[in-house]
Amino acid sequence: MAAGQEEDPSGEAVGVLKDLDGRKAGGFYWYLTVLACVGGFLFGYDTSVVGSVLNFIPYHLSDLATGYLVAGASLGAAAGAICAGPLTDRFGRKSLLIIDALIFAIGALLSAFTVNAAMLIISRTLVGLAVGADSAIATAYIAEFAPAKRRGSLSIVQQWMITVGILVSYLIALLIFAVAPGEVRTADWRLVFGLGAVPAIIAMLLRARMPESPRWLLHRGRYAETRAAFGKLGIEVTEDQVRDTADELERQAAEQQDKRRWTPGVIRALVVVCVFFIFQQITGINVPFYYGPKLLAGLFQSGGAVDSAMSGLETAAILGAVNVIATFFAFKYIDRVGRRKLALGGFAGMVVFMVIAAAGVAFLTGGAKIIIVMVGFGLFIASFAIGVGGTGWLIQGEVFPTSVRGQAAAGAATVNWLSNFAIVVLFPTMNTAFGLSWVMLILAFLALLAVVFVARYLPETKNLSVEQVVHVFERQRA
Ligand code: BGC
């Protein structure tokens, strides 16, 4: 079947899962979602905060150590994501989410009280591990309790929190540098790092009281706890109903000819999510975010180090705000318009606006250059935010069966972080070798390839139950 064709898929949600799918997402659902996505906030905060304070860390940092501080978070995150997979399938979503928050808090506090470069590097690695582990689980947890018609919007909250985290990291740095410009090399950078501990500690305490994923509990045969988790979500079911649902799911699985957990459909889904993630990263979204303050600070080199850092930060904060605002449209339209159309539009927009920004870099000077580059980057980021960023994290959570969701989602997150690492590390070399405008054109070309990929391989999964989504991929594979 061609991607995007909508048939009435089999694998309909059964028994108590139907109640979960058909439910209205009330306040508690949104609360749980935000709690699951606090790691997304820290993901945004911690990955972009380094760029703001890097120039003020008073230790002697080799090039390698500097590179590691900027890009190493992504490597740590790749490691964290891959470890999280088997652990979350074995010990549950909730336990891992609590442990991640604890590691976040420890990493942030150690960064703040660090005594030398080695300790700073270890602390940032800890933060990276937690970022990766949380990114592996958050949308999987959400997909396992979200009503089918709201799963898209609920999962986009993860992207939203990432974007808010990025923006807040710039704003906090700006505020602290403005209040205490004399302390940039002493207290300021420590405070900027350490503040990440506040949401982490709050999340850890609140996550301890969140319900475990009902689908995961059901899958593990823990029926009394499944019933309790349903109860917390406002759905009264009996233990017998839960057991009947489990029996029915088992009967459906037995009917299937393919008894493997990693069926061809599941593998296809994994490949599609991984390739989507590779495109999400290699099309260059993090170039403006990680290098933005530095690249843009170059345009305002009039004052001293703090002044030019602040001008760079202000410009990056404007782009960060565009990112937050544009993500609202993803949130609004993902369940109405669907994943495919938004992703197609998003990548197509990235092609157009990156070309415009590249033209600005190549052919303009002075004020006109700043305006065109900012508008181009701004709309590039908006296109990413509407169709690409959140869509990636959403499909990562929704397309796998519960039995392997943790591992598959974690594998995909690992691919995301490795691609993130690759582009962040390669960008400076490519920039020197080809010049900024050519690098931007290469990124635009990659976004064009992404359009073709989405058109060909990403099926529409809006409004389906997660059980149905799995069947869409099985049928595509058939
Ligand atoms: C990506 C990040 C990126 C962020 C920007 C996320 O979806 O995974 O790499 O920094 O979006 O908003």
Side-chain angles (χ1 to χ4, degrees), residues 37 39-52 70-78 80-81 128 131-139 152 155-170 273-293 316-331 334 339 342-343 346-347 349-350 377-397 409-410 412-425 427 443 446-447 450:
C37 296
F41 173 85
L42 291 163
F43 162 167
Y45 187 87
D46 284 304
T47 48
S48 47
V49 81
V50 180
S52 316
V70 179
S74 349
L75 264 197
V131 167
D134 239 66
S135 73
I137 313 168
T139 53
S155 302
I156 293 287
V157 172
Q158 168 76 346
Q159 179 67 18
W160 221 341
M161 294 284 272
I162 297 172
T163 62
V164 171
I166 296 174
L167 178 61
V168 168
S169 86
Y170 296 140
V273 177
C274 287
V275 176
F276 191 101
F277 267 157
I278 292 174
F279 278 122
Q280 191 217 50
Q281 290 297 318
I282 65 172
T283 44
I285 184 62
N286 287 314
V287 170
F289 284 126
Y290 292 9
Y291 292 102
I318 295 174
L319 295 180
V322 169
N323 196 16
V324 173
I325 295 166
T327 305
F328 170 74
F329 294 97
F331 171 81
I334 193 77
R339 288 62 167 150
L342 280 195
F347 277 122
M350 288 168 76
F377 267 165
L379 293 174
F380 169 84
I381 290 171
S383 308
F384 173 92
I386 296 171
V388 176
T391 308
W393 293 108
L394 159 64
I395 58 173
Q396 173 225 21
T414 308
V415 167
N416 184 295
W417 287 109
L418 290 177
S419 318
N420 177 319
F421 175 73
I423 190 84
V424 173
V425 167
F427 172 74
L443 298 177
L446 291 171

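Quick note: numbers below take in every heavy atom, side chains included, and nothing from hydrogens, waters or symmetry partners. The first residue in the sequence is number 1, and the count goes up from there. Every number for a ligand or one of its atoms is a count from 1 in the order of the listing.
Of all non-hydrogen atoms in Leu167 and Ala317, the two that sit nearest each other are CD1-O, 3.3 Å.
If you look at Phe43 next to ligand 1, the close heavy atoms, those under 4.0 Å, all belong to the side chain. Heavy atoms of Ile166 found under 4.0 angstrom from ligand 1 belong exclusively to the side chain.
Ligand 1 places these atoms under 4.0 Å from at least one heavy atom of Thr163: 12 (O). Set against the non-hydrogen atoms of Gly389, the atoms of ligand 1 under 4.0 Å away are 7 (O). Every atom of ligand 1 with a heavy atom of Asn420 under 4.0 Å away is listed here by number and element: 9 (O). The distance from ligand 1 to the heavy atoms of Gln280 drops below 4.0 Å at these ligand atoms: 1 (C), 7 (O), 8 (O). Remark: ligand 1 atoms within the under-4.0 Å shell around heavy atoms of Gln281 are 1 (C), 2 (C), 8 (O), 9 (O).
Residue contacts with ligand 1: Phe384 is included, with a non-hydrogen atom under 4.0 Å away.
In terms of protein heavy-atom proximity, atom 3 (C) of ligand 1 is nearest to Asn286 OD1, 3.3 Å. Among protein heavy atoms, atom 12 (O) of ligand 1 sits closest to Asn323 ND2, 2.9 Å. Closest to atom 11 (O) of ligand 1 among all protein heavy atoms lies Gln159 NE2, 3.1 Å.
A donor atom on one side chain and an acceptor atom on the other are not found under 3.5 Å apart for Ser155 and Thr139.
Taking the six-membered ring where the residue is Trp, the centroids of Tyr170 and Tyr45 are separated by 6.0 Å or more.
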message: Working note: Ile386 + Phe328, criterion side-chain contact (heavy atoms from CB on, under 4.5 Å); need CA distance, chi angles, decisive distance, verdict.
response: CA-CA 8 Å; Ile386 296 171; Phe328 170 74; over 6 Å; no
field: Trp393 and Phe277: CA distance, side-chain angles, deciding distance, ring pair (Phe, Tyr, Trp, His ring centres under 6.0 Å) verdict
entry: CA-CA 8 Å; Trp393 293 108; Phe277 267 157; 4.6 Å; yes
- request: Apply side-chain contact (heavy atoms from CB on, under 4.5 Å) to the pair Ile423 and Leu443, showing each step before the final yes or no.
  value: CA-CA 10 Å; Ile423 190 84; Leu443 298 177; 4.1 Å; yes
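Relative ring orientation between Phe377 and Phe380 is described as tilted, the plane-to-plane angle lying within the 30° to 60° band.
In this structure, CG in Asn416 is found 9.0 Å from CG in Leu418, a value given to the nearest 0.5 Å.
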